[in-house]
Q: 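Before I ask anything, here is the structure I am working with.
What's counted below: heavy atoms across the whole structure, side chains too, no hydrogens, waters or symmetry copies.
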Amino acid sequence: MTDSITLCPRCDLPPICGIIDPMKHLKDNIATETFERSYLLYGPETYLRSIYARDLCNAILPKSDSMNRTLYEGKDIREGEIIDQAETMPMFAERRLLVIRDSGFFKSGAEKMASYMSEVPDYATLVFVENEVDKRSRLYKAVQKHGYVVEFTNRTEKELEKWAGGMMMRAGRQIRQDDMAYFLSRTGQDMGHIALEIDKLVAYTEGRDVITREDIEALTGREIENKIFDMVSAVAAGNGQKALALYADLLQLKEAPMRILILIGRQFKQMTEIAKMKKEGLGEGEMAKVIGMPPFAVKRLAGVVRTMPEKDLVALTERCLQAEEDVKNGRLPDRLSVELLLISLTG
């Protein structure tokens with residue numbers, strides 16, 4: 001079963017508070033209602049970023065306060081408009097909140113906004129929420145100096161296991177450690193998607209304490225990437241009938257044959273890279289960084305790689321590329337090209 005996890009009564013995200021140290025100052029601000037004049041929340045982990053942005057903004061001002069809470073969104077935001085609003089005293093409230101999302105300010109310069117960071121009045125708070133930033137930008141450095149910056153990075157496999165386990169425990173469920181790894185291999189590392197899949201599993205297992213592998217297989221992993229992995233595994237095992245059945249399933253889900261073909265080729269290419277790195281003595285964590293995949297996805301592909309010689313993986317990758325070329329050059333229709341490829345790959 002999962003390890004014991006201390007639950008956080010405030011944020012409803014049990015393990016997160018214990019595993020993400022950079023969030024401590026932000027959580028303290030929310031808990032004590034003592035706020036900086038500016039915040040920058042950025043990074044690729046959109047689920048965490050949105051949760052903390054929501055909690056921070058709601059702590060500063062209730063969502064219902066439309067007079068003192070203003071949202072700016074998109075690349076066409078004018079710096080002067082934000083500054084004018086920040087200079088306006090709040091009405092029937094102690095604070096004025098300005099939320100600026102996806103502005104691109106931290107990549108485009110925003111010199112006027114950068115200069116203003118040292119002049120933001122005590123009653124105002126600016127919360128910037130961005131996907132990507134340039135840490136060399138003047139605005140980034142200004143918020144870092146006069147406010148607070150938090151980067152939301154993708155979680156490690158171990159952190160995701162603890163977090164997902166904590167959510168399940170909170171819902172009165174338990175799961176074996178190996179089944180948790182299997183669950184994450186099917187969901188991917190997007191925390192928002194994981195949370196939705198956990199909700200489905202909790203509802204599905206009503207009246208039971210333990211989430212089993214059978215439950216996971218019944219409800220999760222229906223997205224195209226997992227079916228592509230199952231197809232690749234079937235090809236590796238020489239099971240043409242299963243590979244074609246999975247292909248038919250994807251067509252029923254309205255997936256484009258060309259996209260399926262490209263994804264099959266991509267997985268064989270990734271497996272070829274894994275096979276080469278394995279010969280060089282790299283661990284799965286190092287492989288994940290090189291390929292740009294989560295470790296549990298590398299582990300899953302590595303399991304298939306063990307069943308195939310590297311030269312076969314190279315040949316299969318080349319055949320996938322040739323099938324793509326045949327479609328692009330009009331030599332074969334896309335649907336027939338995938339069918340012929342699967343038949344030829346499984347012999």
Q: Would you kindly say whether Asp215 and Thr212 are connected by a side-chain donor-acceptor distance under 3.5 Å?
A: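 The criterion, which ignores hydrogens and geometry beyond distance, is satisfied for Thr212 and Asp215.
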Q: Go through it in stages, so that I can follow the logic: the residues are Lys63 and Cys57, the test is side-chain contact (heavy atoms from CB on, under 4.5 Å), and I'd like the CA-CA distance, side-chain angles, deciding distance and then a yes or no.
A: CA-CA 8 Å; Lys63 195 172 183 179; Cys57 291; over 6 Å; no
Q: Other residues, nucleotides and ligands only: do more than 12 of their heavy atoms fall within 6.0 Å of CG on Asp178?
A: yes
Q: With salt bridge (charged side-chain N to carboxylate O under 4.0 Å, His left out) as the test, would you mind laying out the steps for Glu217 and Arg213 before giving the verdict?
A: CA-CA 6 Å; Glu217 289 177 345; Arg213 182 163 297 215; 5.5 Å; no
Q: State whether the side chain of Glu79 and the backbone N or O of Met113 hold a donor-acceptor pair below 3.5 Å, judged by distance alone.
A: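 Pair found, side chain donor or acceptor close to backbone of Met113.
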Q: Pairing donors with acceptors under 3.5 angstrom, does anything connect the side chains of Arg96 and Thr70?
A: no
Q: To the nearest 0.5 Å, tell me how far Ile291 CD1 sits from Met277 CE.
A: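 One finds 3.5 Å between CD1 of Ile291 and CE of Met277.
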Q: Measure from the side-chain N and O atoms of Tyr123 to the backbone N and O of Glu87, and report whether any donor-acceptor pair falls under 3.5 Å.
A: yes
Q: Can you establish whether the number of heavy atoms outside Arg138 located under 6.0 Å from its atom CZ is more than 12?
A: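 Counting neighbours around CZ of Arg138, more than 12 heavy atoms of other residues, nucleotides or ligands fall under 6.0 Å, so yes.
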Q: Roughly how far, to the nearest 0.5 Å, is CD1 of Ile274 from NZ of Lys269?
A: 11.5 Å
Q: What's the spacing between Leu251 CG and Leu246 CG if we round to 0.5 Å?
A: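 If we round to the nearest 0.5 Å, Leu251:CG and Leu246:CG are 11.0 Å apart.
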Q: Test your reading of the model: is there a side-chain donor-acceptor pair from Ser137 to the backbone of Tyr140, 3.5 Å cut-off?
A: yes
Q: Do the two ring centres, one from Tyr42 and one from Phe106, sit under 6.0 Å apart?
A: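 Judged by ring-centre distance (under 6.0 Å), Tyr42 and Phe106 do not meet the cut-off.
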Q: Between Glu33 and Arg95, does at least one N-O distance fall below 4.0 Å, as a salt bridge requires?
A: no
Q: Are any non-hydrogen side-chain atoms of Arg176 and Phe183 less than 4.5 angstrom apart?
A: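 Arg176 does not reach Phe183 side chain to side chain.
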Q: Would a single hydrophobic cluster contain both Leu321 and Met271, if residues Ile, Leu, Val, Met, Phe, Trp and Tyr are joined by side-chain heavy-atom contacts under 4.5 Å?
A: no
Q: Counting only N and O atoms by type, is there a donor-acceptor contact under 3.5 Å from the side chain of Tyr72 to the main-chain atoms of Arg78?
A: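 Side chain of Tyr72 to backbone of Arg78: no pair is present.
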Q: Does Tyr247 share a hydrophobic cluster with Leu332, counting links as ILVMFWY side-chain heavy atoms below 4.5 Å and allowing steps through other members?
A: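 No, because Tyr247 and Leu332 fall into different hydrophobic clusters, even though each may have its own neighbours under 4.5 Å.
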Q: Any side-chain heavy atom of Ile194 within less than 4.5 Å of one from Met167?
A: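 No; the side chains remain at least 4.5 Å from each other.
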Q: Can a salt bridge be assigned to the pair Lys289 and Glu286 using a cut-off of 4.0 Å between side-chain N and carboxylate O?
A: no
Q: With rounding to the nearest 0.5 Å, note down the distance linking CZ in Phe35 to OG1 in Thr125.
A: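 Reported to 0.5 Å precision, the distance equals 7.0 Å.
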Q: Could you go through the salt bridge (charged side-chain N to carboxylate O under 4.0 Å, His left out) check for Lys276 and Glu273 one step at a time?
A: CA-CA 5 Å; Lys276 291 177 180 177; Glu273 292 172 354; over 6 Å; no
Q: Distance-only, no hydrogens or angles: does the Arg173 side chain make a donor-acceptor pair with backbone N or O of Val202 under 3.5 Å?
A: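 Present.
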Q: Distance-only, no hydrogens or angles: does the Thr307 side chain make a donor-acceptor pair with backbone N or O of Gly303 under 3.5 Å?
A: no
Q: Within the 4.5 Å heavy-atom criterion, are Gln241 and Asn239 side-chain neighbours or not?
A: yes
Q: Do the non-hydrogen side-chain atoms of Val304 and Gln267 ever get within less than 4.5 Å of each other?
A: no
Q: As a quick check of understanding, evaluate side-chain contact (heavy atoms from CB on, under 4.5 Å) for Asn68 and Phe92, giving each step before the final call.
A: CA-CA 9 Å; Asn68 299 297; Phe92 310 110; 5.6 Å; no
Q: Which heavy atom in Ile211 sits nearest to a heavy atom in Ile175, and how many Å separate them?
A: O-CG1, 3.7 Å
Q: Closest heavy-atom contact between Leu282 and Met287?
A: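 The answer is O-CE, 3.1 Å.
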Q: Testing the 3.5 Å rule here: is there a donor-acceptor pair between the side chains of Thr220 and Arg186?
A: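 Looking only at side-chain atoms, Arg186 and Thr220 do form a donor-acceptor pair, the distance falling under 3.5 Å.
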Q: Taking the side chain as everything from C-beta on, heavy atoms only, tell me whether Arg306 gets closer than 4.5 Å to Lys278.
A: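 Side-chain contact under 4.5 Å: yes.
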Q: Which pair of heavy atoms, one from Ser103 and one from Ile100, lies closest together, and at what distance?
A: CB-CG2, 3.6 Å
Q: Backbone N or O of Tyr182 within a donor-acceptor pair of the Ser185 side chain at under 3.5 Å?
A: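 Side chain of Ser185 to backbone of Tyr182, a donor-acceptor pair under 3.5 Å: yes, one is there.
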Q: Identify which one of Tyr52, Trp163, Phe152 satisfies the ring-ring contact (aromatic ring centres under 6.0 Å, His included) criterion when paired with Tyr47.
A: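 That would be Trp163; it is the only one of Tyr52, Trp163, Phe152 passing the ring-ring contact (aromatic ring centres under 6.0 Å, His included) with Tyr47.
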Q: Under the side-chain contact (heavy atoms from CB on, under 4.5 Å) rule, what do Val149 and Lys135 come out as? Steps first, then yes or no, please.
A: CA-CA 11 Å; Val149 174; Lys135 294 182 180 181; over 6 Å; no
Q: Go through it in stages, so that I can follow the logic: the residues are Glu45 and Arg155, the test is salt bridge (charged side-chain N to carboxylate O under 4.0 Å, His left out), and I'd like the CA-CA distance, side-chain angles, deciding distance and then a yes or no.
A: CA-CA 8 Å; Glu45 179 36 69; Arg155 301 296 91 206; 6.0 Å; no
Q: Is it the case that one hydrophobic cluster holds both Val232 and Val314, taking links as side-chain heavy atoms less than 4.5 Å apart, direct or via other members?
A: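 As far as the 4.5 Å side-chain criterion goes, Val314 and Val232 are not connected within one cluster.
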Q: Do Phe268 and Leu313 have side chains that approach each other closer than 4.5 Å (heavy atoms only, starting at C-beta)?
A: yes
Q: Are Val338 and Leu336 co-members of a hydrophobic cluster defined by side-chain heavy atoms under 4.5 Å apart?
A: no
Q: Treating Ile, Leu, Val, Met, Phe, Trp and Tyr as nodes and any side-chain heavy-atom pair under 4.5 angstrom as an edge, say whether Met168 and Leu219 lie in one connected cluster.
A: yes
Q: One pair to check against side-chain contact (heavy atoms from CB on, under 4.5 Å): Leu97 and Val127. What are the steps and the verdict?
A: CA-CA 8 Å; Leu97 170 64; Val127 178; 3.8 Å; yes
Q: List the atom of Ser118, the atom of Arg37, and the distance in Å for their closest heavy-atom pair.
A: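 Closest approach of Ser118 to Arg37, heavy atoms only: O-NH1, 4.0 Å.
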Q: Measuring only between side-chain heavy atoms, which start at C-beta, is Glu197 closer than 4.5 Å to His193?
A: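 The answer is yes, as the side chains (C-beta and beyond) meet within the 4.5 Å cut-off.
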Q: For a quick test of reading the model, state the closest non-hydrogen atom pair linking Leu342 to Ile264 and the distance between them.
A: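 Looks like CD2-CD1, 4.3 Å.
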Q: Any chance you could measure Thr187, atom OG1, to Leu160, atom CG, to the nearest 0.5 Å?
A: 8.0 Å
Q: Take Asp334 and Ser337, measure what side-chain hydrogen bond (donor to acceptor under 3.5 Å, both in side chains) needs, and give me the verdict at the end.
A: CA-CA 5 Å; Asp334 53 4; Ser337 178; over 6 Å; no
Q: Would you find a donor on one side and an acceptor on the other, under 3.5 Å apart, between the side chain of Arg101 and the backbone of Leu71?
A: no
Q: Could you grab the distance from atom OG of Ser50 to atom CE of Met191, nearest 0.5 Å is fine?
A: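 Nearest 0.5 Å value for the OG-CE distance: 10.0 Å.
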Q: Over 60° means perpendicular and under 30° means parallel, so tell me whether Tyr148 and His25 are parallel, tilted or perpendicular.
A: tilted
Q: Which atoms form the tightest heavy-atom contact between Cys320 and Leu341, and what is the distance?
A: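 Minimum heavy-atom contact is SG-CD2, 4.0 Å.
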Q: Answer whether the closest heavy-atom distance between the side chains of Leu301 and Val298 falls below 4.5 Å.
A: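 A side-chain contact is absent here, since even the closest heavy-atom pair is not under 4.5 Å.
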Q: Counting only heavy atoms from other residues, nucleotides and ligands, does the tally under 6.0 Å from CD of Glu119 exceed 12?
A: yes
